[in-house]
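Here's the structure, in structure tokens; my notes come after.
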Amino acid sequence: MKVFLSGFGTVGQGVFEILLLKEKYLKDNYDASISVVGVVDSSSFNIDKKSLCGFCVLATKTNSGKCGPNARDGKPVTEIMDMTDYDVLIETSPTDIENGGEGLANIRHALASGKDVVTVNKGPLALEYPALAKLAEENGCILKYEGSVGGAMPIISLCHTALAGQRIKSIRGILNGTCNYILSRMDTGLPFSQALREAQQLGYAEADPTYDIEGIDAASKVAILANSIFDRAVTIRDVSVTGITAITPEAVAMAAERGMVIRLIGEVSDDRLEVAPRLVPKGHALAISGTLNTAQVLTDLAGPITVSGRGAGKHETASAILSDLISIMESRK
Ligand code: HSE
């Protein structure tokens with residue numbers, strides 16, 4: 001299978017590393033190989049119609065900050081995608097939650113060209129999920145996005161595959177690691193601003209951390225879950241959002257006196273679409289600490305099913321991309 005990699009930041013490089021790590025695994029278990037035939041970053045691109053050398057591209061990026069010898073000179077990614085033949089677009093470029101940005105254009109272009117897409121880019125899905133799903137269907141393409149919600153936490157495939165046959169009544173979860181880290185550090189008496197600084201140093205926060213602390217990043221994930229799991233044609237603009245900027249040390253201390261913690265909870269069901277700080281009893285499945293994400297899925301037959309995992313990270317997010325790629329490979333057999 002040939003893939004084109006749009007975006008070569010932390011996650012994009014993680015994908016290349018994982019494909020190298022799993023080369024033998026893919027051969028042994030699926031009798032298959034996944035070759036990267038094109039890669040683009042913000043200033044350069046690199047193409048080999050057969051297969052790019054992963055070690056070489058990664059070394060070039062480390063040494064020069066560029067993914068290849070060709071300057072983009074303002075060329076849109078879509079133009080570069082058309083320079084080579086590929087089966088799947090992997091979209092990992094920086095997200096644009098206002099209007100979808102280049103990521104949205106890339107996904108549209110790939111689907112319209114009959115290519116399958118794996119994206120961890122949240123903006124395009126949170127804004128245009130119904131249109132993208134329709135475009136995929138019209139062109140006989142597969143659109144996968146496991147890593148867009150909760151990074152390594154397998155919430156999408158859990159609901160679609162493992163919980164098949166059940167009615168999912170609601171999903172409530174911690175969908176932003178930055179906020180959870182800040183709130184957990186505030187539990188230990190740290191002021192908000194210092195906890196935010198620490199979260200940024202850990203590399204979890206969005207380029208603009210306002211998106212994290214105002215609840216917008218979590219809202220984008222709620223919108224994706226609403227479309228994907230509840231078949232609701234909504235966008236991030238339909239989500240009622242309250243962030244954590246108004247949470248004071250006094251509020252955290254009062255919660256603690258009552259055996260509670262404050263957590264930013266995203267909730268989605270047939271009639272709810274919300275992100276807001278909530279009081280959660282200590283010891284509850286949603287009272288986790290640190291940068292972890294978690295989701296509690298309420299089902300009609302099995303009751304609550306809880307999953308948690310790392311919501312961001314290089315190999316963590318790339319692991320979700322690998323699982324989407326394998327799923328596409330199996331479907332296309
Ligand atoms: N900024 C996000 C978070 C990264 O803190 O969870 C993953 O979407």
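For this chain, numbers begin at 1 and follow the sequence in order. None of these values were measured; they are calculated from a predicted model. Numbering of ligands and ligand atoms starts at 1, following listing order.
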> Would Lys27 and Glu23 pass as an ion pair if we require N to O under 4.0 Å?
Replying inline: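 Salt bridge flag = no for Glu23 with Lys27.
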
>> Under 4.0 Å between a side-chain nitrogen and a carboxylate oxygen: does that hold for Glu102 and Arg72?
In response: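 A salt bridge links Glu102 with Arg72.
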
> Mind checking what makes side chain to side chain donor-acceptor pair (under 3.5 Å) contact with Gln13, not counting sequence neighbours?
Replying inline: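 Scan of Gln13 (side chain to side chain donor-acceptor pair (under 3.5 Å), adjacent residues dropped) gives none.
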
> In order of chain and number, which residues sit within 4.0 Å of ligand 1 by heavy atom?
Replying inline: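 Only Lys122, Asn176, Gly177, Thr178, Tyr204, Ala205, Glu206, Asp212, Asp217, Lys221, Gly311, Ala312 have heavy atoms that fall under 4.0 Å of ligand 1, ordered by chain and number.
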
>> I'd like to check the salt bridge (Lys or Arg N to Asp or Glu O under 4.0 Å) partners of Lys49; sequence neighbours left out, ordered by chain and number.
In response: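 If we apply the salt bridge (Lys or Arg N to Asp or Glu O under 4.0 Å) test to Lys49, skipping adjacent residues, there are no hits.
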
> Cluster partners of Tyr181, using ILVMFWY side-chain heavy atoms under 4.5 angstrom, listed by chain and number?
Replying inline: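 Taking Ile, Leu, Val, Met, Phe, Trp and Tyr as members, Tyr181 shares its hydrophobic cluster with Leu202.
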
> Is the count of non-hydrogen atoms from other residues, nucleotides or ligands lying under 6.0 Å from Asp28 atom CG greater than 12?
Replying inline: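 For Asp28, atom CG is crowded (more than 12 foreign heavy atoms under 6.0 Å).
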
